[in-house]
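FYI, the numbering just counts along the sequence from 1.
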Amino acid sequence: MSNQSSIFLESHNLKNEFSGFGQFNKHLIDALIRQNSNNFQFVIHARDKNKWSEHFGENVAIKKYYNFTRNKSIGIRKRFDVWHSLNQNTKIEPLRNLPYVLTVHDVNFIDEISSDINHKRNKRFQEKLDRATAITYISTFAKQSTHQYFKVPEVPEYIIYNGNTINEVEISDTYSPKITPARPFLFTIGDVCERKNQHVLVEMLKNLRDFDLVISGKMASDYAQKKLKTTIKDLGLEKRVHLTGRISDLDKFYYYKNCEAFMFPTLREGFGIPAIEAMRFGKPAFISNNTSLPEVGGDVAFYWDHYDAKYMAEIVTSGLAEVAHNKSAFQKKSITHSKKFCWDVAAKQYINVYREVLNK
């Protein structure tokens with residue numbers, strides 16, 4: 001293996017920096033740079049070349065991303081020592097037969113698009129699996145569900161957990177976002193869509209009269225504009241539910257720091273970074289007992305087994321009472337658990353995968 005093996009990171013999802021894939025790409029590349037011992041030359045894919053050149057500096061070479069490179073007849077012809085597809089939804093592939101690492105976050109598209117294995121979305125994913133030299137998964141659940149629905153080749157497989165995006169939690173006591181509830185509030189964050197299931201929190205809120213609810217995230221979906229807003233209006237909770245849209249990191253830190261608890265009633269999740277972000281602030285996290293979330297929440301989170309409004313409120317009430325019984329001990333346990341998820345640790349594991357692939 002040469003001292004400067006080239007690793008192409010197919011990272012066009014940086015174009016949506018604050019999406020789940022965008023955050024994964026950004027934080028993993030940052031950590032790969034920190035952990036690189038000058039053995040690798042990283043090359044990345046980005047639409048806004050100037051922005052990411054400024055962010056990553058001279059530590060990576062940046063290839064301009066164009067939509068037309070999705071065309072199989074165009075693609076990317078240059079030879080790299082390893083091609084790493086950072087997300088399973090990428091449509092851009094190398095034209096050469098290269099050592100190929102595939103990271104699988106989830107196969108939610110089976111439920112959300114089509115369960116027909118011959119559907120073009122599923123066939124494209126199967127093609128990515130078939131060409132993989134090694135496969136990494138962000139959770140055990142992601143691995144299990146991939147094996148459940150697809151034919152996985154006999155190649156090395158690894159489970160590498162995502163890191164916590166929040167290391168430092170300091171925020172000025174004088175800072176406050178535009179929307180600041182006057183009453184104690186519960187907080188959730190994530191693109192507002194059917195899979196995230198935020199409307200059940202509004203239904204639950206009817207049974208938790210002492211709290212407001214802050215919902216942050218992109219509001220572009222039909223679900224957000226119809227299902228969520230209709231539920232708020234029908235229950236007469238317009239003054240208690242605060243829809244912020246997308247927010248800055250500072251606003252997010254404020255809500256994590258000042259909320260009574262974090263809520264995450266998602267139906268399907270490949271990992272669930274917001275839950276461990278909230279734990280980094282010592283906050284109780286109430287999350288769905290499904291998909292990857294029990295792996296992430298461990299014995300620290302509180303779980304909903306279903307979404308009956310009264311039942312959900314009872315879980316929150318009993319959980320908050322349990323936390324209040326010994327708040328300092330809970331906060332310490334929560335913060336300790338969140339620190340188990342570290343991007344630098346993840347980057348070291350990915351670098352080891354590159355080395356193993358190259359040594360083959």
Discussion item. With salt bridge (Lys or Arg N to Asp or Glu O under 4.0 Å) as the criterion, how do Glu260 and Lys283 come out once you've worked through the C-alpha distance, each side chain's angles and the decisive distance to 0.1 Å?
Written reply: CA-CA 7 Å; Glu260 297 298 316; Lys283 298 298 179 174; over 6 Å; no
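- The shortest distance between side-chain heavy atoms of Tyr158 and Asn352 does not fall below 4.5 Å.
- With ring centers used as reference points, Phe341 lies under 6.0 Å from Phe271.
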Fill in: Full working for salt bridge (Lys or Arg N to Asp or Glu O under 4.0 Å) between Glu238 and Lys233
CA-CA 6 Å; Glu238 292 93 337; Lys233 183 177 180 180; over 6 Å; no
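- Between Ile113 and His119 there is a side-chain heavy-atom pair separated by less than 4.5 Å.
- Counting only residues at least two apart or on different chains, the salt bridge (Lys or Arg N to Asp or Glu O under 4.0 Å) pairs with a member in residues 290-302 are Asp299-Lys333.
- Counting heavy atoms from C-beta outward, Phe21 and Leu86 have side chains that stay 4.5 Å or more apart.
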Discussion item. Determine whether Lys227 and Glu194 satisfy the following criterion, salt bridge (Lys or Arg N to Asp or Glu O under 4.0 Å), listing intermediate values before the conclusion.
Written reply: CA-CA 9 Å; Lys227 180 66 174 179; Glu194 176 273 337; over 6 Å; no
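- Residues Asn25 and Glu17 are not in side-chain contact: their nearest non-hydrogen atoms beyond the backbone lie 4.5 Å or more apart.
- Side chains of Lys229 and Tyr223 form no contact here, defined as non-hydrogen atoms less than 4.5 Å apart.
- The side-chain heavy atoms of Trp52 and Leu14, taken from C-beta on, include a pair separated by under 4.5 Å.
- Residues Tyr256 and Glu277 meet the side-chain proximity criterion, which asks for heavy atoms closer than 4.5 Å.
- A salt bridge between Lys15 and Asp48 is absent, with no side-chain N of the basic residue lying under 4.0 Å from a carboxylate O of the acidic one.
- Across all non-hydrogen atoms, the minimal contact from Gly297 to Tyr303 is C-OH, 3.2 Å.
- Applying the side-chain contact (heavy atoms from CB on, under 4.5 Å) rule to Arg183 yields the partners Asp212, Arg240; only residues at least two apart in sequence or on another chain are considered.
- A heavy-atom distance below 4.5 Å is found between the side chains of Asn289 and Pro294.
- Taking the charged nitrogens against the carboxylate oxygens, Asp106 and Lys143 have no contact shorter than 4.0 Å, which rules out a salt bridge.
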